[in-house]
Amino acid sequence: MPELAEVEHSRKQWDPGKNDVILDVDVARPEIRVFRGTDVPTLRDRLSGRRLLASEARGKQMLFQFSDGCWLGLHLGMSGELRREEQADYTPRKHDHLVLRQQKRALVFEDKRHFGRVRLHEGAEPPDWWQKLAPSILSKEFTLARLTAFVQRRRRTTIKAVLLMQEHFPGVGNWMADEILWRARIHPSTPAGNLDLAQTCGLWQQVRWVSRTAVRIISDDWTYPKTWLFAHRWEAGGQCPRCKTDLERAAIGGRTTCWCPECQRKQDAPTERATI
DNA sequence: CTATTTGTTTATCC
DNA sequence: AGGATAAACAAATA
């Protein structure tokens with residue numbers, strides 16, 4: 001279930017391993033997709049003997065820093081998660097693809113569907129791909145002006161698909177996009193260029209609100225409140241938590257999308273742009 | 001057996 | 001050239 005808040009939650013699971021040495025690295029199936037582009041023998045060799053120093057999540061990406069200029073990049077894909085097992089002799093399960101063993105625990109990367117990614121970087125600085133990631137939605141750089149410009153550039157694309165673009169909305173995934181649009185009362189199939197100023201401003205506020213609140217909620221609760229669309233989007237006969245209208249579902253932007261037909265009315269295109 | 005899945009990359013078309 | 005869209009990837013679940 002890894003979107004912004006779930007990724008941050010996964011990252012924290014390895015925190016108790018900070019400052020401890022990696023004694024051994026288990027990879028049961030080096031050939032699987034999660035290791036694409038990474039040489040597994042090298043990965044095992046470099047991580048072994050290193051201490052875990054720090055970690056950070058940016059959107060759906062995570063970066064773990066180890067001693068002596070060694071970095072581990074992780075992406076959870078559709079079904080990945082990080083866990084901590086408190087026995088040093090933990091026996092890995094079927095989809096535990098990477099297990100970092102420390103004296104008192106094992107740090108585990110699990111991914112049932114193999115869409116995640118593991119990568120190694122060596123150097124004094126973080127890897128290039130990390131430095132190029134878009135600014136966080138919760139940072140000062142995530143301004144209404146930048147959002148407006150991005151939305152205008154993607155004006156022919158449905159707003160649902162635009163919200164899934166990691167180059168501007170890092171961490172937003174399928175359920176977050178639906179939650180944001182439901183709160184901003186925008187129909188998911190609206191072409192991005194059709195949003196008026198008030199809607200764009202509302203979108204900007206809700207993107208930030210959902211991101212901030214999801215991270216806070218998941219750090220202690222793990223469940224989202226019944227007042228969220230999230231709690232109803234997969235229920236059979238699910239209803240809008242605001243107005244109790246039956247929710248609708250359809251593929252929009254290539255993904256199953258859930259919305260309230262009452263709160264999120266389909267709107268006509270703006271009457272006209274400038275004459276030719 | 002078929003359809004579905006909380007993500008990204010690649011190919012293809014426009 | 002750049003943007004939009006569909007397919008591909010893999011495995012579990014219903």
Side-chain angles (χ1 to χ4, degrees), chain A residues 1-11 28-38 57-62 73-82 92-98 109-119 127 129-130 132-134 137 149-182 188-194 207 210-211 213-215 217-218 221-224 228-238 247-259:
Chain A
M1 46 172 74
E3 298 181 24
L4 185 84
E6 294 91 355
V7 172
E8 174 62 9
H9 183 262
S10 266
R11 182 196 66 78
R29 297 153 70 195
E31 73 282 4
I32 66 169
R33 186 181 161 85
V34 298
F35 296 108
R36 58 197 181 277
T38 296
R58 290 189 185 176
K60 297 174 192 170
Q61 301 281 355
M62 289 178 285
L74 293 178
H75 190 288
L76 299 173
M78 288 274 246
S79 56
E81 65 175 58
L82 301 188
R93 300 205 290 251
K94 183 175 182 185
H95 293 291
D96 291 347
H97 303 310
L98 178 69
F109 166 73
E110 179 188 35
D111 182 6
K112 289 189 174 64
R113 289 176 66 191
H114 303 191
F115 286 161
R117 186 160 185 190
V118 176
R119 30 188 175 182
W129 60 262
W130 176 260
K132 286 181 180 156
L133 293 176
I137 288 168
F150 186 76
V151 157
Q152 226 13 71
R153 202 161 128 239
R154 304 294 179 159
R155 60 189 168 282
R156 307 284 297 275
T157 311
T158 63
I159 191 60
K160 168 65 186 267
V162 170
L163 280 173
L164 294 174
M165 294 177 176
Q166 300 301 295
E167 77 248 41
H168 201 271
F169 300 100
V172 173
N174 201 32
W175 80 253
M176 281 183 77
D178 287 356
E179 188 76 32
I180 290 158
L181 292 172
W182 175 71
S189 66
T190 310
N194 286 11
V207 167
V210 171
S211 298
T213 311
V215 171
I217 285 178
I218 215 159
D221 250 357
W222 183 248
T223 50
Y224 296 101
W228 286 41
L229 181 66
F230 181 91
H232 308 273
R233 51 171 297 131
W234 293 287
E235 295 174 345
L247 296 169
E248 285 197 29
R249 292 174 192 81
I252 298 174
R255 310 297 304 279
T256 296
T257 300
C258 176
W259 72 96

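Each chain gets a letter, A, B and so on, in the order its sequence line appears, and its residues count up from 1.
Rounded to an integer number of Å, the gap from CD1 of A/Ile32 to P of C/dA12 is 12 Å. The nearest whole Å value for the distance from the CZ atom in A/Phe115 to the C1' atom in C/dA12 is 11 Å. The CH2 atom of A/Trp129 sits 16 Å away from the C1' atom of B/dT9 (whole-angstrom rounding). The CD atom of A/Gln61 sits 8 Å away from the P atom of B/dT8 (whole-angstrom rounding). For the pair A/Gln152 CD and C/dG3 P, the interatomic distance rounds to 13 Å; values are reported in whole Å. Straight-line distance from the CZ atom of A/Phe35 to the C1' atom of C/dA10: 15 Å, rounded to whole Å. Remark: P of B/dT6 and CH2 of A/Trp175 are 13 Å apart, rounded to the nearest angstrom. We find that CE of A/Met78 is positioned 10 Å from C1' of B/dT4, with the value rounded to whole Å.
Phosphate proximity of C/dA12 to A/His95: present, with a side-chain N or O under 4.0 Å from OP1 or OP2. OP1 or OP2 of C/dG3 has not a single side-chain nitrogen or oxygen of A/Thr157 nearer than 4.0 Å. Distances shorter than 4.0 Å separate none of the side-chain N or O atoms of A/Lys112 from OP1 or OP2 on C/dA10. In this structure, A/Arg255 does not reach the C/dT5 phosphate: none of its side-chain N or O atoms is under 4.0 Å from OP1 or OP2. For the pair A/Arg154 and C/dA4, the criterion of a side-chain N or O lying under 4.0 Å from OP1 or OP2 is met.
With A/His9 as the partner, the side-chain contact (heavy atoms from CB on, under 4.5 Å) test is satisfied by one option alone out of A/Val215, A/Leu4, A/Ile218: A/Ile218.
Projected onto DNA chain B by closest heavy-atom contact, A/Gln166 and A/Arg113 fall at different nucleotides, the more 5' of which corresponds to A/Arg113. Taking for each of A/Lys94 and A/Arg33 the nucleotide of DNA chain C with the nearest heavy atom, the 5'-most of the two is the partner of A/Arg33.
Between A/Phe169 and A/Phe150, the ring-plane angle classifies as perpendicular under the 30° and 60° cut-offs.
Under the Watson-Crick or G-U wobble criterion, with both distances below 3.5 Å, B/dT10 is paired with C/dA6.
Atom-to-atom distance recorded for A/Met62:CE and A/Trp130:CH2 is 9.0 Å, nearest 0.5 angstrom.
Comparing the P positions of C/dA10 and B/dA11 gives an interatomic distance of 15 Å, to the nearest angstrom.
For the residue pair A/Ala231 and A/Tyr224, the shortest heavy atom distance occurs at CB-O, 4.4 Å.
A/Gly77 comes within 4.0 angstrom of sugar-phosphate atoms only, judged by non-hydrogen atoms across all strands, and of no base.
Although no hydrogens or angles enter the test, the distance criterion places no donor-acceptor pair under 3.5 Å between the side chain of A/Arg233 and the main chain of A/Phe230.
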